[in-house]
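Here the structure comes first, spelled out in structure tokens, and everything after it is commentary.
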Protein chains: 2
Amino acid sequence: MTVREQPAKEHRRTRQRAAVDDVLDETEDFISAQELHALLRARGAGVGLATVYRTLQTLADDGRVDVLRSDAGEAVYRRCVREEHHHHLVCRSCGATVEIAGPAVERWAKSVADQHGYSDVSHTLEIFGTCPRCAAA
Amino acid sequence: MTVREQPAKEHRRTRQRAAVDDVLDETEDFISAQELHALLRARGAGVGLATVYRTLQTLADDGRVDVLRSDAGEAVYRRCVREEHHHHLVCRSCGATVEIAGPAVERWAKSVADQHGYSDVSHTLEIFGTCPRCAAA
DNA sequence: GGTGGTTTTGACAATGGTTGTCAGTCTTGA
DNA sequence: TCAAGACTGACAACCATTGTCAAAACCACC
């Protein structure tokens, strides 16, 4: 039983928030505020950068998006989904990405956490390497 | 945690690096570069901020300190307890950290990368949860 | 103890993600 | 329709971190 039950205040529906929502709906992976802003600008739905940040913060506060920190320290966001997550094998050089399922790793992480009495467990795992094409070049 | 396979180059021994080392030795928890810099200044052993950053980066590259990202996105450092590559089980609430060795995961990551032809492989893996003490509170 | 070639340092500028500001705009309930 | 006030956007401010480069420190090697 969690104690934090903020009754998610009502917010006004605006064009900008709808636009951010749309992008989040279409985006499977974590996305940074900067990327989201660039995407919106590219598709013509201009939304101020500050507004993107504020909207994401609000969504995060309401528990409607997950927030992580990328390796570079950038905050990245993703629509909260309860579905099984997957990991990524990313090319360091060209960014080519392969999605990876690792049920064994999930179980391992869970059991390690259990052994130490940690509850409410989540984890992050990314694999980096050089893809065949970049290795050949 | 990120895997690195750089063969720890030799570095010169300087007053500044010794000072940073001392602080790390005395510090149980993760500490930010800014905090470390302030500490050094406070105790009279003035070390430039850029130098603190460089020293920590070097130590991290050599695998002699662990690097994490605080919730605020700040990079935080701690003397490595284990020599080999390892991961962390971190309490979301209080930051309590347990170091984890996962040889099976290392092998798994390697084999997944191999299957897709990726070379020069590294990976990051962190487990987050609520530690027993915070869960009780 | 000198000496020279490197490495390291530190002050400062630059970068880049994120947040603060505030006048003007838009949404909503009445 | 109308007023209250929530929301927006352009821009400045913040701040951790990195880049720069001349000066200082270090470490073989004389």
Side-chain angles (χ1 to χ4, degrees), chain A residues 6-24 27 29-62 64-78, chain B residues 2 6-24 27 29-62 64-78 95:
Chain A
Q6 290 305 325
K9 245 185 302 180
E10 275 309 301
H11 299 293
R12 293 186 174 172
R13 271 164 281 146
T14 66
R15 170 181 75 76
Q16 291 84 348
R17 289 182 185 173
V20 169
D21 250 34
D22 285 348
V23 171
L24 288 172
T27 307
D29 294 329
F30 283 92
I31 186 174
S32 73
Q34 302 280 345
E35 289 169 332
L36 209 162
H37 176 243
L39 240 169
L40 286 172
R41 168 160 300 186
R43 68 169 62 173
V47 175
L49 183 55
T51 301
V52 171
Y53 274 102
R54 275 185 300 242
T55 303
L56 288 173
Q57 197 120 53
T58 302
L59 287 172
D61 285 347
D62 291 352
R64 287 201 270 259
V65 298
D66 286 332
V67 193
L68 282 187
R69 291 275 170 183
S70 72
D71 265 0
E74 239 182 333
V76 288
Y77 305 82
R78 187 183 63 171
Chain B
T2 305
Q6 286 302 316
K9 246 187 301 184
E10 274 309 300
H11 300 292
R12 292 187 177 170
R13 271 164 282 145
T14 66
R15 171 181 74 75
Q16 291 84 348
R17 288 182 185 171
V20 169
D21 250 34
D22 285 348
V23 171
L24 288 172
T27 308
D29 295 329
F30 283 92
I31 186 175
S32 74
Q34 301 282 345
E35 289 170 332
L36 210 162
H37 176 244
L39 240 169
L40 288 172
R41 168 159 302 187
R43 68 170 62 173
V47 175
L49 182 55
T51 301
V52 172
Y53 274 102
R54 274 185 301 241
T55 303
L56 288 172
Q57 197 118 53
T58 302
L59 288 172
D61 284 348
D62 290 352
R64 287 202 272 261
V65 298
D66 288 332
V67 194
L68 284 185
R69 290 275 171 184
S70 73
D71 271 354
E74 240 183 333
V76 288
Y77 305 81
R78 190 182 63 166

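In what follows, chains carry the letters A, B, and so on, assigned in the order in which the sequence lines appear, proteins first and then strands, with residues in each chain numbered from 1. Remember, predicted model here, so these are calculated numbers, not experimental data.
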Give a yes or no on this: more than 12 heavy atoms of other residues, nucleotides or ligands lie within 6.0 Å of atom CZ of A/R13. no
Atom-pair distance (CG on A/D21; C1' on D/dC7), nearest Å: 15 Å
Would you mind reporting whether A/V67 and A/R78 have side-chain heavy atoms less than 4.5 Å apart? no
Give a yes or no on this: more than 12 heavy atoms of other residues, nucleotides or ligands lie within 6.0 Å of atom CZ of B/R41. no
Check whether any side-chain N or O of B/T14 sits under 4.0 Å from OP1 or OP2 of D/dA25, and answer yes or no. no
Nucleotide C/dT18, atom C1' - distance to CG of A/L49 in whole Å: 8 Å
Counting any heavy atom closer than 4.0 Å, what does B/Q34 reach on the DNA or RNA strands: base, sugar-phosphate only, or nothing? base
How many whole angstroms separate atom CZ of B/R13 from atom P of C/dT8? 12 Å
Have a look at A/E35 and say if it touches a base, only the backbone sugar-phosphate, or nothing, with a 4.0 Å heavy-atom cut-off. nothing
Spacing between B/R12 atom CZ and C/dT8 atom P, to the nearest angstrom: 6 Å
Please check the phosphate of D/dT18 (OP1 and OP2 only) for any side-chain N or O of B/Q57 closer than 4.0 Å. yes
Calculate the interatomic distance between A/H37 atom NE2 and C/dG16 atom C1'; express it in whole Å. 14 Å
Nearest-Å distance, CG (B/L59) to P (C/dT8)? 12 Å
Nearest nucleotide by nearest heavy atom, which residue falls closer to the 5' end of DNA chain D, A/R41 or B/A33? A/R41
B/R69 atom CZ is separated from C/dG17 atom C1', nearest whole Å, by 11 Å
Side-chain-base donor-acceptor pair under 3.5 Å for B/R54 and C/dG10: yes
Can you confirm whether B/V47 sits close enough to B/T55 that some side-chain heavy atom of one is under 4.5 Å from a side-chain heavy atom of the other? no
Nearest to the side chain of A/A50, heavy atoms from C-beta on, is which of D/dC7, D/dC11, C/dG10? D/dC11
Considering just the side-chain nitrogens and oxygens of A/Y53, establish if one lies under 4.0 Å of OP1 or OP2 belonging to C/dT19. no
With a 4.5 Å heavy-atom cut-off, do A/Y53 and A/Q34 have their side chains touching? yes
Between CG of B/L56 and P of D/dT17 the distance, given in whole Å, is 10 Å
Ignoring backbone atoms, test whether A/Q16 places a side-chain nitrogen or oxygen under 4.0 Å from the OP1 or OP2 oxygen of D/dC7. no
At less than 4.0 Å, is any side-chain N or O atom of B/R15 found next to OP1 or OP2 of C/dG10? Yes or no. yes
